[in-house]
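Here the structure is laid out as structure tokens; the discussion comes afterwards.
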Amino acid sequence: MKYWLMKSEPEAFSIDDLQARPGQTEPWDGVRNYQARNFMRDDMRIGDQVFFYHSNCEVPGIVGIMEVAGKSYPDPTAFDPQSKYFDPKSSPDQPRWFLVEVKYIRHTRRTIPLAELKEHDPLENMPLVRKGNRLSIMPVTKEQWDDILRLE
DNA sequence: GCCAACGTTGGC
DNA sequence: GCCAACGTTGGC
């Protein structure tokens with residue numbers, strides 16, 4: 001089993017929004033970055049554990065845990081001209097963007113702020129805490145996962 | 001294939 | 001709201 005971290009702006013989609021879908025999976029759509037796409041398309045497996053991270057908000061940080069609940073498939077929002085994620089270069093025949101389904105597991109007991117993660121030396125190699133990092137989906141090692149949960 | 005211009009992300 | 005960092009686009 002692998003571990004991951006996925007970012008979302010809470011104004012667009014928050015951990016509370018995910019929780020509000022009990023027993024349902026949620027498609028993690030709208031990712032338009034090749035590296036992040038490749039993680040979803042090629043490396044994520046059902047059952048992988050994922051930190052939910054709130055970005056671009058008052059207190060950016062880890063707010064919960066979810067689980068990969070469905071294998072990857074082409075992101076349908078890329079085909080929809082009405083969608084803000086529409087990409088005319090992606091077609092059902094030759095899809096460019098992919099997503100996975102996720103499901104809610106739990107909130108963390110508190111928001112674990114980015115500022116705190118940055119001060120925690122064992123996490124210094126995480127892309128998340130490195131300057132200028134914009135990757136919205138990244139792998140997390142088992143050691144990092146356990147470390148972060150100890151900060152909870 | 002280079003690289004300047006532009007757009008986006010996301011912390012602060 | 002600002003702006004640094006970075007990815008993408010397109011002219012040449």
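Ion pair A:E116/A:R110 flagged as a salt bridge, since at least one NZ, NE, NH1 or NH2 atom sits closer than 4.0 Å to an Asp/Glu carboxylate oxygen.
Between A:N133 atom CG and B:dT8 atom P there is a gap of 19 Å when expressed in whole angstrom units. Atom C1' of nucleotide B:dT9 and atom NE2 of A:H54 are separated by 17 Å, given to the nearest angstrom. The nearest whole Å value for the distance from the OH atom in A:Y34 to the C1' atom in C:dG7 is 10 Å. One atom, CG of A:L128, and another, P of B:dT9, lie 16 Å apart when rounded to the nearest Å. Here B:dT8 presents its C1' atom at 13 Å from OH of A:Y85, a figure rounded to the nearest Å. Between the C1' atom of B:dT9 and the CG atom of A:L135 lies a distance of 11 Å, rounded to the nearest Å. Following rounding to the nearest Å, A:Q35 (CD) and C:dT8 (P) show an atom-to-atom distance of 10 Å. For A:E116 and B:dG11, the CD to C1' distance is 17 Å, given to the nearest whole Å.
Under the ring-ring contact (aromatic ring centres under 6.0 Å, His included) criterion, A:F39 pairs with A:W4, not counting sequence neighbours. Listed by chain and residue number, nothing satisfies the ring-ring contact (aromatic ring centres under 6.0 Å, His included) test with A:F79 (two or more places apart in sequence, or in another chain).
Ranking B:dG7, C:dA4, B:dC12 by closeness to the A:R134 side chain, first place goes to B:dG7. Here the side chain of A:K131 is nearest to one of C:dA5, C:dT9, B:dG10, namely C:dA5. Residue A:S136 has its side chain nearest to B:dG10 when only B:dC12, C:dT8, B:dG10 are considered.
By the 30° and 60° cut-offs, the orientation of the rings of A:W145 relative to A:Y3 is tilted.
Nearest heavy-atom pair across A:L149 and A:F51 is CD2-CE2, 3.9 Å.
Residue A:Y53 places at least one side-chain N or O under 4.0 Å from the OP1 or OP2 atom of B:dG11. Close to B:dG10, at under 4.0 Å from its OP1 or OP2, lies a side-chain N or O of A:K7.
When each of A:N56 and A:R96 is assigned the nucleotide of DNA chain C with its nearest heavy atom, A:N56 is the one assigned upstream, toward the 5' end.
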